[in-house]
Structure formats: C-alpha cells, structure tokens
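Here is the structure we will look at, set down as structure tokens.
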Amino acid sequence: MRALVQRVSRAAVRVEDQQVAAIGPGLLVLLGVTHDDTEAQADRLADKLRALRVFPDAEGRMNEPLGDREVLCVSQFTLYGDARKGNRPSYVEAARPEHAEPLYERVCERLGAQRGVFGARMEVELVNDGPVTIVLDLP
C-alpha cells in the first residue's frame, strides 16, 4: 500500500464538474493499492496517517498529529506506475478494482475521511501547506 500525503490548507475533488468532497486544513491522501495488500495493512496505514506528526506545534515545529483536522482521500492507482523502461508507465503492480476498492474504503472509514469517487476521472484541487509532502510505503 502506498500513500502520497500532503498537508493542505484546503483541498477539493470534482467529478463531471460537480464537487464531491472538500476539506479545510488537514491531509490530502492519494492512495494506491497493490495486489497483496491486506485489511491489516489498510488499518496500519490509516493509523499511521492519523498519528503522522506533520502539523506545527506552538513553537512552529512539525510535531502535532492530525487531531481534529480533516482528511480527503483519493484513490490513485497511478502511484504504482513503473516508467523505468520506456516512456509509457506500466501499471501491473496496481491492484484490480475488486481488490483495491474495499481496502481504499476501509482506510477512508477508519480515518473518517471525505473521499473522491473510486475509479472516476477526478479533478483534485489543493493548496499544499508548507509545502509538506510525504510518501508512505507499507510493506
């Protein structure tokens, strides 16, 4: 399971010119699932995201976890794109939708996250705060 995590001032997702989700300060999580990912890994990732200390404390240091801030989670199979050979990425490491969607939903539920529409063509808008961007890979 792979997540690209961005600390945001705000973020939103649109599908077919309709806004389907929006948050204020918090985390935008782009989530990719591979073939052998499990429910236990989904739970671990959600717990890690909730505990990730990327928000400023009273002294301005990145030392605070998510707390009451919001999360927007968007499915992103392209996180498993491999462009090492040639110029067209291969997505063979990305899980099929029937495996990926339940795990994506599980992460979203555990985080209490707003979400995009699984499998849809989405427009994701965000204001990265910091900028802070972290890649999490869970074995």
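Fair warning: this is a prediction, and the values are worked out from it, not measured in the lab. By convention here, the first residue in the shown sequence is residue 1.
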Minimum heavy-atom separation for Leu111 to Arg50, with atom names?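 Leu111 and Arg50 have their closest heavy atoms at O-NH2, 2.6 Å.
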Check Gly130 against Arg7 and note the closest heavy-atom contact, atom names and distance.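 For Gly130 versus Arg7, the nearest heavy atoms are CA-NH2, 3.6 Å.
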Counting N and O atoms only, with roles assigned by atom type, does the side chain of [X] sit under 3.5 Å from a partner on the main chain of [Y], one being a donor and the other an acceptor?
X      : Y      : answer
Asp47  : Arg44  : no
Arg2   : Leu79  : yes
Gln19  : Arg14  : no
Arg110 : Val107 : no
Asn128 : Val132 : yes
Glu109 : Arg106 : no

(Q) Does this structure show an ion pair linking Arg115 with Glu105, if we count only N-O contacts that are shorter than 4.0 Å? (A)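 Looking at Glu105 together with Arg115, the answer is yes, because their closest N to O distance falls below 4.0 Å.
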**Asked** Taking only residues at least two apart or on different chains, which pairs with a member in residues 78-103 satisfy side-chain hydrogen bond (donor to acceptor under 3.5 Å, both in side chains)?
**Response**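 Matches after skipping sequence neighbours: Gln76-Thr78, Asp82-Arg84.
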side-chain contact (heavy atoms from CB on, under 4.5 Å) between Thr133 and Val5, intermediate numbers included: CA-CA 6 Å; Thr133 304; Val5 183; over 6 Å; no
Output the distance between atom CG (Leu31) and atom OG (Ser75), rounded to the nearest 0.5 Å.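 So the CG of Leu31 and the OG of Ser75 are separated by 8.0 Å.
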Quiz item: Hey, what do you get for CE (Met1) to CG (Leu138), rounding to the nearest 0.5 Å?
Solution: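 It comes to 7.5 Å.
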